There are 2 protein chains.
Amino acid sequence: MTPNTDNADKYRVKSLDHALDVVEALAHGGREGLAVTEVATTVGMSKSSAYSILQTLLRRGFVASQGTGPTRRYRLGLSFAYLGDQVTSQTGLREIAMPYLEELTRVAGLTSRLAIFDEGYAVAIGRIDGPGTIRIAPFLGRRELPHATAIGKAMLATLDDEEVRAIIGAIGLPARGPNTIVDIDTLLHDLHRTAERGYAIDDEEDTAGVVCIGASVLDRTGTCVGAISVTALKHEMRADSAAEIGALVRRYAGTITTELGGR
Amino acid sequence: MTPNTDNADKYRVKSLDHALDVVEALAHGGREGLAVTEVATTVGMSKSSAYSILQTLLRRGFVASQGTGPTRRYRLGLSFAYLGDQVTSQTGLREIAMPYLEELTRVAGLTSRLAIFDEGYAVAIGRIDGPGTIRIAPFLGRRELPHATAIGKAMLATLDDEEVRAIIGAIGLPARGPNTIVDIDTLLHDLHRTAERGYAIDDEEDTAGVVCIGASVLDRTGTCVGAISVTALKHEMRADSAAEIGALVRRYAGTITTELGGR
DNA sequence: AACCCCGTTTGGTGATACCGAACAAGACCT
DNA sequence: AGGTCTTGTTCGGTATCACCAAACGGGGTT
C-alpha cells in the first residue's frame, strides 16, 4: 500500500509543520500559557516530541517559559513581537498612516484601524483604541471577510465588477452578522453606492451590535493599497452621525492617499 | 569518530532550527524580500532545503511570496503580525497603558514607548510615534540594554543593589553611545538618583544625539512590571524642559500604576 | 506514607530531511 | 535575435534524525 502521497505533501517539512502547530496552539493558550502535556494533546503528538520542539523554540526566544518542574508553562516569546512589528512596518503604509489614524481616533472618539489587502481578505496592520471601555475585535494580522466589513468593502469598491466576482468566487459570501450581504448582486450594488459616497458602511454585517465606517487608501498609480475604518457600537451611532463620521473617515483616507502621492 | 554531540544539541530539532534561521533571514530581508538562492546562501544550506522550508511556511501563511519563476521573492507573512499582536497583548499591561501613552505623546509632542522586563533586558511592547518627522528606533520586541536606556534604568531603579549587580553581572556594561555608563558604581549612583527623582534620564547613553526620559510602572504588589518613556533629539530638549518632561512622564507612569492597583 | 500526575530523560527504528544534480524558463548581454 | 547565464523548481538516494513508547524522579495531594 503506497501511503497516499497527496500532492499537498510535496515540499512539506513535516517536523516544521508540527512546530507551527505548536506555535499556533500557544497563541491560543492565552496569558497563562500551556503545559507540555497540554501542548502534546492539543496538537496530537507525543509528549517527548512536543518537549523537543518547545526546547528548540525556547533557545531561540520564540517561546518563553515560566516556572520549572511540574508547574512549568510555555507561551509565545517576544521574538514574535519583533517579527510582527517588522512585518507590519514592511508595507511602508503603516508609518505614514498611523499618525493620521491617531488623529482620527481623537477627533471621532472611536477605535480606528488600518488594513491591507491579502489574497482577497482584509488584514488589519494597525489600530488605535478609542476611549470607550469596550474593546472590539482588537486583532491584528487576522484575515477578515471582505464582504462583511467596512474596511473590506471600501477596498472592494475600488475594483471593477469582474475583479470583485473573482474574489467572491474564491471566498464566497458566508453570513457573519444579522445583516451580512449574502447575494453577489446586492453586494455589487452596495459597492457602487460606496464608491459614489466615498466611504463604506458595515451595519451589523460582521458582528451584531457593531457598526463600522471605512474608506480606501490609494497609491500614486491609483490602485488601492489599503483602507481605514472606525468602529462603534450600534447605539452610539445615530443615522445622522453616520454621514458625519463617514465624511471624516473619507477625509482622513484622502489625506493619507495624498501623502502617498495618489489621486 | 563520534561527532561532538554537544550538550547544547540535546532536545534540538535540527530542521526546526534551520527553519528559524530562514525566518530570521527573511526578517532582515526587508520590504522587497529574498530569493530562494539568497536565503540558502545566507543561512548556509542547499537550495532545495530552503525551498522546502519556504513552501511549508508559505502554506501556513508564515511567509508570503510575490512573483513567480526567476523573479520570485519571499518575505515574512502576516501570520507573524497576528502572533506578535497576541504576544504584546498577553501581558495585559499594554491594553491598560496604551491610551495613556497616546495622551502622553500628544501632550509632550514626543514619541513614547512602553516596555517590560525580559531576563534583564528592556523590551518595548508598544509605541506611539510623535509628530516629529524623525523616527527613532521604532522596533518592538527587541532586547535593549537596561543600563543604557531610560526605560531600562527606570526599571532597574526599582530593584535593590544586589539584584542590579546580578543582572549587570550577566549582561555587562557595554558602551553604546557617547555617555554610556560603563561603571557599576556610577550606575548604582545614577539609579539612586533616579529613584529619588521618580524618572530616569538617558542623555546620549544609547544613541548619539538622542535623549530619553522614562519612569517605571508597578503592579499592586509593588513590583515593577514595566516602564514608559519619551524620546527626543538632543537639541529639542533643553535642560529646563527635561525636568518638566520628567514630571510629566512620572505622572503618567503613576496613573498607569494606579490603574493596575499599585502604589 | 503511598499514590498520582507532572516534566524530563533515554534508546531504538522507521520515516524523512538534506543534498547534489538535472531540468526549464526568463533575463541579460552581445 | 541568438546565445548564455542565472534563477526557480524537480527528483532520487542515503545517512540522519524526528518520533514514539516506556521509564525515571520529584511535588502535591490524599
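Every value quoted in this text rests on a predicted model; they were computed, and no experiment measured them. Computed from heavy atoms alone, side chains included, the values below leave out hydrogens, waters and symmetry copies.
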| When you measure from every atom of DNA chain C, which of residues 18-41 of chain A have a heavy atom less than 4.0 Å away? | Ala35(A), Val36(A), Thr37(A)
| query | For Gln66(A) and Tyr74(A), does a side-chain donor sit closer than 3.5 Å to a side-chain acceptor? | reply | no
| What closest approach, in Å, do Leu218(B) and Cys224(B) show between heavy atoms, and which atom pair accounts for it? | CD2-CA, 3.6 Å
| query | Can we say Arg143(A) and Glu119(A) salt-bridge, meaning some charged N sits less than 4.0 Å from an Asp/Glu carboxylate O? | reply | yes
| request: Enumerate the residues from residues 44-53 of chain B whose closest heavy atom to DNA chain D is under 4.0 Å, giving them by residue number; use none for an empty result. | output: Lys47(B), Ser48(B), Tyr51(B)
| Leu58(B) and Leu54(B), any side-chain heavy atoms less than 4.5 Å apart | no
| Value in whole Å for how far the P atom of dT16(C) lies from OH of Tyr11(A) | 17 Å
| Under 4.0 Å between a side-chain N or O of Lys10(B) and OP1 or OP2 of dT8(C)? | no
| said: Could you check whether Ser65(A) and Arg72(A), counting side-chain N and O atoms only, form a donor-acceptor pair closer than 3.5 Å? | reply: yes
| said: Does either side chain, that of Ser46(B) or that of Ser49(B), offer a donor lying less than 3.5 Å from an acceptor on the other one? | reply: yes
| task | List the atom of Leu20(A), the atom of Arg60(B), and the distance in Å for their closest heavy-atom pair. | result | CD1-CG, 3.5 Å
| said: Without decimals, in angstroms, what is the distance between Leu16(B) CG and dC18(C) P? | reply: 10 Å
| query | Just checking, is any N or O donor in the side chain of Ser89(B) or Arg94(B) under 3.5 Å from an acceptor N or O on the other one? | reply | yes
| What integer distance in Å separates Arg73(B):CZ from dA27(C):C1'? | 14 Å
| query | Can a donor-acceptor pair be found between the side chains of Ser15(A) and Ser15(B) at a distance below 3.5 Å? | reply | yes
| query | What are the bounds, 5' to 3', of the part of DNA chain D that sits under 4.0 Å from heavy atoms of chain B? | reply | dT7(D) to dA18(D)
| message | When you compare the side chain of Phe117(B) with that of Leu159(B), does any pair of heavy atoms fall below 4.5 Å? | response | yes
| query | Is any side-chain nitrogen or oxygen of Arg12(A) closer than 4.0 Å to OP1 or OP2 of dT16(C)? | reply | no
| said: For His28(A) and Tyr82(B), take the angle between the two ring planes, folded into 0 to 90°, and tell me which bin it lands in: parallel under 30, tilted 30 to 60, perpendicular over 60. | reply: tilted
| request: Hey, which sits more toward the 5' end of DNA chain C by its nearest nucleotide, Lys14(A) or Tyr74(A)? | output: Tyr74(A)
